[in-house]
Amino acid sequence: MKNKTTEYNHTKIEKKWQKFWEKNKSFVAKEDSKKKKFYGLIEFPYPSGDGLHIGHVRSNTAMDIICRKRRMEGYNVLYPIGWDAFGLPTENSAIKTGVHPTVLTKKNTNVFRKQLKSIGFSFDWTREVNTSDPKYYKWTQWIFLQFFKKGLAYKKRMLINWCPKCKIGLANEEVVDGKCERCGAPVEKREKEQWMLAITKYADRLEKDLEGVNYLEKIKTQQKNWIGKSQGSELWFNIANSEEKIIVFTTRPDTFYGVTYVVLAPEHQLINQLKSQITNFTEVEKYIKDAKNKSEIERTSETKEKTGVELKGVIVKHPITKEIIPVYVSDYVLGHYGTGAVMAVPAHDDRDYAFAKKYNLPIIEVISGGDISKQAYIEDGIMINSGKFDGRKNTEIVKEITEYAGGKMVTTYKLRDWIFSRQHYWGEPIPVVNCEKCGLVALSLKDLPLKLPMVKKYQPTDNGESPLALITKWVNTKCPNCGGKAKRETDTMPNWAGSSWYYLRYTDSKNNKEFADMDKLKYWTPVDWYNGGMEHVTLHLLYSRFWHKFLFDEKLVPTDEPYLKRTAHGFILGEDGEKMSKSRGNVINPDEVVKNLGADSLRIYEMFMGPFDQAITWSTDNIIGSRRFIERVWKLQEKVVSNYSDSENVILLLNQTIKKVTDDIENMNFNTAISGMMILTNSLESQEKISKKTYLDFIKILSPFAPHMCEEIWQIFGNKKTIVLESWPKFDETKLISSKAKIVVQVNGKVRTTIEVQVDSTQDIVEKEALKNEAVVKWIDNKKIVKRIFIKNKIINFVVA
RNA sequence: GCCGGGAUGGCGGAAUUGGUAGACGCAAUAGACUCAAAAUCUAUCGAUCGCAAGGUCAUGAGGGUUCGAUUCCCUCUUCCGGCACCA
């Protein structure tokens, strides 16, 4: 009966099936199918010179398992891949080596492609995209022009975040703790004219529509925090001898009677407009200048000691109490949030309290419950010192007091418009010219793509201009409108541009007439399941939702949200528990593992190592366990007999395992799915014989995890067609439950023994059976049983006095 | 400071509508095979008391609810992530 099995040769088997899948176009997605579609997406990799990272392998394998399962469940699956190829590392490497970024990118993508193929991902390689390919960025530029035409892309002179090391302006999202997200250098402020995208116009929808999508809760929370929606009131203070008034935003209009001064941000325009009234303008001007010169890091890392200068001569009266209150300028008020001015209520706000203490300003308590001689009271309570509102609960009068004070209810967001200019070579040129007569003019579609000119030097400049500005031949051009003299925009787009719409291009990646055909978009979008890193939640994910909503408004895409479901993976840390990096020397190369133990072992290990959503430490030692598992499954072939009836236990366990794996994949609990299959393997090993059906059902549910070996076994057992399109095994509900139940017997809550009874036995039967047991009787010891707790098929507990 | 998520053997981790804590894997120890080693197989593998049967303790710390708590509640310690002068 024992079949002779060949040795498990991973290299031979894996190469064989990778070739087979490619030749048979096993994963090429077609639109004409009548099957239900499934669009699975991973964040496309940045093709760095370091090659594929084991972190890529983890997230790609997870989505690969899901996609392979979906195919077996009868879906028409699209699982595409491409390259997010524009970016600083390539440009820096080009500067260092003198090799053109295009050449480097080609070289790097070739390495990545080969590596990805060696791991057996079921990508549709025919739809590969590359954001730095002019055929691709033609459409990135075109979409930009749609924003421009609708006034959502605009130029603005402003203070920007400048990284002196990268020599590049940064979006607010790219500044972390006052440092450049990429290189860690302290960020400076510079005044520059920048292209902006008006993402704030979509703040409301970006926040509200989160309700309708299936994102992990923590992802929704992060996006919500980032958008920072805040309900409050706008109230105003008239200025004596001036047409102007100070408008403030507050979430606490209930504290209005407690206002003892008003503060303007240093950037506030009103300060200059009131210049003639301000008697100490020199002092004020100096304060503003100092505040501007503070770098982001100084402004945030300072001890938060509040500073400010009174605008002497500016007279403001409290609208209700008619008391005269002073006006200050202070950098604790942010120019870009709310109205750039606040009403200060020291009794009920920590920051105002600190400021008032320092400058000896009055503190008026208007909500009872705290002790304002010690600290500000920010909780709710009963109104006092508030005229007709005295005695009422503060939370109930918000709207009423706003109206009484002549203000209105408003909504404010923390989100700011997206700084879209970068002063670098390796990005999409902004397809706009500056005409002496016509101003800013968009290129027309026939002039797209506006290709990056070939240059020898890519060095960014210290004066904050893009290297493209040095190529006068390219810069000087004709206005497409009037034919007159014009200059090209020399800034390029940020690397978030190409990734904001790549999932749309996958549906029709070769189209040269449109960014994608509407029918294809209608068939494939929205993306059904998108997995990626948490680090992209406030950048890429928010940006692409914004682009998508804009395209939807322009009737260019059929849905208003790009992704139905979004999950996130955890990082893989080096063996030392630190983030993997070249400088630490703790980087693991997947090629080595594929060569020595095989892609299937690597895939199994990466899925088995721990919970998918958590950061986890890599362990080269532990991979051997996954390899052993695979070999054990391989060797089970010896026990397979065509016409054999498995024992009830085996059937039971097989059905339970099918159910477990089916459910676990959906919940991304890959580690427990594999442990379930290991348990099944251990059990099958202890059998004399196993049926072909049982073995092959097992091979089917294992195939998304270890596709190469499973194809091989599938073929060994005489199957002519690929396992890829076999149907996913169904578990038999009736065979999920054993005929026997193990009952835990407790006395006073302590486990004393277990007994086996017929499943669904009644309390009477179980009790009788339990009381026959010596170990139980011993502990009851003739004491009186005062209570019995029984749970069917689980437990019987005797409580004795 | 605010919000969110954790803390379980030597290690990675299982198990929660409250019901046998430590599944599965790694490492380790002993044995089989071998001239030997590797690989493989078998057994043991939380702590502690005991010759054993068996007992007791144990899921970051302390308390509570319960017949029964890793799971629920309160207080605290600590780690990780996010936001942070957002009025």
Side-chain angles (χ1 to χ4, degrees), chain A residues 176-177 216-226 228-230 232-233 248-253 255 262-263 265 299-300 302 304-306 330-334 336-345 348-352 354-355 378 412-416 534-535 537-538 568 570-571 604-605 608-611 613-626 628-629 631-632 635 669 671-682 685 742-754 774-775 778-779 785-791 793-800:
Chain A
V176 178
D177 292 331
L216 288 184
E217 241 359 271
K218 63 177 173 181
I219 294 175
K220 285 191 186 181
T221 308
Q222 272 197 38
Q223 289 219 346
K224 274 184 196 161
N225 287 343
W226 196 262
K229 185 174 180 170
S230 182
S233 309
V248 301
F249 172 75
T250 181
T251 55
R252 294 293 304 273
T255 63
V262 173
V263 194
R299 220 171 143 166
T300 51
E302 261 180 12
K304 288 186 183 167
E305 170 84 10
K306 307 251 177 308
S330 170
D331 65 3
Y332 88 85
V333 174
L334 306 171
H336 54 75
Y337 181 74
T339 59
V342 301
M343 59 178 224
V345 186
H348 304 290
D349 181 280
D350 289 328
R351 295 150 301 181
D352 299 343
F355 193 85
I378 55 172
T412 308
Y413 300 90
K414 283 189 207 172
L415 189 70
R416 287 187 255 169
M534 281 307 288
E535 75 277 20
V537 165
T538 51
F571 289 116
I604 295 274
Y605 172 62
F608 182 63
M609 62 197 295
D613 60 346
Q614 276 171 40
I616 192 144
T617 307
W618 178 267
S619 163
T620 299
D621 286 348
N622 285 6
I623 309 173
I624 191 66
S626 301
R628 284 181 192 143
F629 165 60
E631 285 199 58
R632 292 226 289 269
K635 282 211 189 105
N669 294 327
N671 54 334
T672 52
I674 291 169
S675 105
M677 290 188 282
M678 285 172 168
I679 292 168
L680 178 63
T681 304
N682 293 344
E685 271 181 339
K742 220 180 195 184
I743 306 283
V744 174
V745 185
Q746 297 183 336
V747 178
N748 284 347
K750 292 210 177 205
V751 180
R752 292 308 173 187
T753 191
T754 58
E774 254 180 69
K778 188 176 95 187
W779 287 98
I785 298 172
V786 293
K787 199 172 177 184
R788 301 139 205 263
I789 291 112
F790 174 71
I791 294 166
N793 297 333
K794 276 202 171 152
I795 200 168
I796 175 81
N797 184 10
F798 298 100
V799 183
V800 298

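The structure presented is a predicted model; accordingly, all values stated were derived computationally and were not measured. Reckoned from all heavy atoms, side chains included, excluding hydrogens, waters and symmetry mates. Chain letters run A, B, ... following the sequence lines, proteins first and then strands; every chain starts at 1.
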Taking the side chain of A/Lys306 as its heavy atoms from C-beta onward, which of B/rC83, B/rC85, B/rC67 lies nearest to it? B/rC85

Integer-rounded Å distance: B/rG1 P and A/Asp349 CG: 17 Å

At what distance, to the nearest 0.5 angstrom, does CD1 of A/Ile743 lie from OG1 of A/Thr754? 9.5 Å

Interatomic distance at C1', B/rG13 relative to B/rC3, whole Å: 28 Å

CG-CG distance between A/Asn225 and A/Leu415, expressed to the nearest 0.5 angstrom: 12.5 Å

Looking only at atom types and distance, does a side-chain atom of A/Gln223 sit under 3.5 Å from a main-chain N or O of A/Thr538, one as donor and one as acceptor? no

Nucleotides 41-46 of chain B: which of its N/O atoms have a protein N/O under 3.5 Å away?
none

Look at the side chain of A/Lys750 and decide which nucleotide, out of B/rC57, B/rC24, B/rG13, has an atom nearest to it. B/rC57

Protein-nucleotide distance (A/Asp613, atom CG; B/rA14, atom P), rounded to Å: 9 Å

CE of A/Met609 versus P of B/rC11: gap in Å, rounded? 17 Å

From B/rG25, B/rA27, B/rA87, nucleotide with atom closest to A/Ser230 side chain: B/rA87

Taking pairing as Watson-Crick or G-U wobble with both contacts under 3.5 Å, can you name the mate of B/rC35, or confirm there isn't one? none

Side-chain donor/acceptor of A/Tyr605 to backbone N/O of A/Ser619, under 3.5 Å: yes

How far, in whole Å, is B/rA61 from B/rG12 if one measures between their C1' atoms? 25 Å

Pairing partner of B/rU42 (Watson-Crick or G-U wobble, both distances under 3.5 Å): B/rA30

Polar atom pairs (N or O), protein with nucleotides 19-23 of chain B, under 3.5 Å:
from, atom 1, to, atom 2, distance (Å)
B/rG19, N2, A/Gln746, OE1, 2.8

Distance test, side-chain N/O of A/Tyr332 to OP1/OP2 of B/rA87, below 4.0 Å: no

What is the distance from OH of A/Tyr413 to C1' of B/rC83, rounded to the nearest Å? 19 Å

Checking B/rC26, B/rC83, B/rG13 against the side chain of A/Asp621 (C-beta onward), the nearest is B/rC26

Per A/Arg752 side chain, nearest of listed nucleotides B/rC24, B/rU56, B/rC26: B/rU56

Given B/rG4, is OP1 or OP2 found less than 4.0 Å from the side-chain N or O atoms of A/Lys218? no

Out of B/rA87, B/rC83, B/rC24, whichever nucleotide has its closest atom nearest the side chain of A/Thr251: B/rA87

Ignoring hydrogens, what is the shortest heavy-atom contact between A/Phe249 and A/Gly338? Give both atom names and the distance. CB-CA, 4.1 Å

Ring centroids only, cut at 6.0 angstrom: are A/Trp618 and A/Phe571 within range, meaning strictly under it? no

Glycosidic torsion of B/rG9 (syn if within 90° of 0, anti otherwise) classifies it as syn

Checking A/Asn797 side chain against A/Ile789 main chain: does a donor-acceptor pair fall under 3.5 Å? no

How many angstroms lie between CZ in A/Arg788 and CZ in A/Phe798, if you round to the nearest 0.5 Å? 6.5 Å

Nearest whole angstrom, please: distance from the C1' of B/rG82 to the NZ of A/Lys220. 18 Å

Spell out, as yes or no, whether a donor-acceptor pair under 3.5 Å connects the side chain of A/Asp352 to the backbone of A/Val345. yes

Find the distance between CD (A/Glu685) and CZ (A/Arg632) and round it off to the nearest 0.5 Å. 4.5 Å

Which part of the nucleic acid, if any, lies within reach of A/Asn682 when heavy atoms closer than 4.0 Å are counted: base, sugar-phosphate only, or nothing? sugar-phosphate

Hunt down the Watson-Crick or G-U wobble partner of B/rA87, both distances under 3.5 Å, from any strand shown, or write none. none

Which is true for A/Val342 with a 4.0 Å heavy-atom rule: it touches a base, it touches only sugar-phosphate, or it touches nothing? base

Scanning all shown strands, the Watson-Crick or wobble mate of B/rU77 with both distances under 3.5 Å is B/rA7

Find the distance A/Leu415:CG to B/rA84:P and express it as a whole number of Å. 12 Å

To the closest 0.5 Å, what do you measure between OG1 (A/Thr672) and CE (A/Met677)? 9.5 Å

B/rA7 and B/rG60, which share atom name P, separated by this distance in whole Å: 7 Å

In whole Å, what separates the C1' atom of B/rU70 from that of B/rG6? 13 Å

Nearest-nucleotide check on RNA chain B, A/Ala341 vs A/Ala615; residue mapping nearer the 5' end is A/Ala615

B/rA38 and B/rA32, which share atom name P, separated by this distance in whole Å: 14 Å

Round to the nearest Å and state the distance from A/Asn622 atom CG to B/rA28 atom P. 11 Å

Same-atom distance (P) from B/rA39 to B/rA15, integer angstrom: 31 Å

Could you state the interatomic distance from OG1 (A/Thr255) to NE2 (A/His348), rounded to the nearest 0.5 Å? 7.0 Å

When you compare B/rC45 with B/rA27, how far apart are their C1' atoms, in angstrom units rounded to a whole number? 11 Å

Pick base, sugar-phosphate or nothing for A/Trp779, based on heavy-atom distances below 4.0 Å to the nucleic acid. sugar-phosphate

Going by purine N1 to pyrimidine N3 plus the second Watson-Crick contact, or the G-U wobble pair, all under 3.5 Å, which nucleotide sits opposite B/rC51? none

Base, sugar-phosphate alone, or nothing: which one does A/Ile616 contact when heavy atoms must sit under 4.0 Å apart? sugar-phosphate

Which of the following nucleotides, B/rG81, B/rC85, B/rA87, is nearest to the side chain of A/Gln222? B/rG81

Residues passing the side-chain contact (heavy atoms from CB on, under 4.5 Å) test with A/Phe608, sequence neighbours excluded, are A/Ile674, A/Ser675, A/Met678

If pairing requires Watson-Crick or G-U wobble contacts with both distances under 3.5 Å, which nucleotide is the partner of B/rC72? B/rG64

When the P atoms of B/rU71 and B/rG19 are compared, how many Å lie between them, rounded to an integer? 11 Å

Rounded to the Å, how far apart are A/Trp618 CH2 and B/rG12 P? 16 Å

A/Thr250 near the nucleic acid: base, sugar-phosphate alone, or nothing, with a heavy-atom cut-off under 4.0 Å? sugar-phosphate

Which part of the nucleic acid does A/Asn225 contact within heavy-atom distance under 4.0 Å: base, sugar-phosphate only, or nothing? nothing

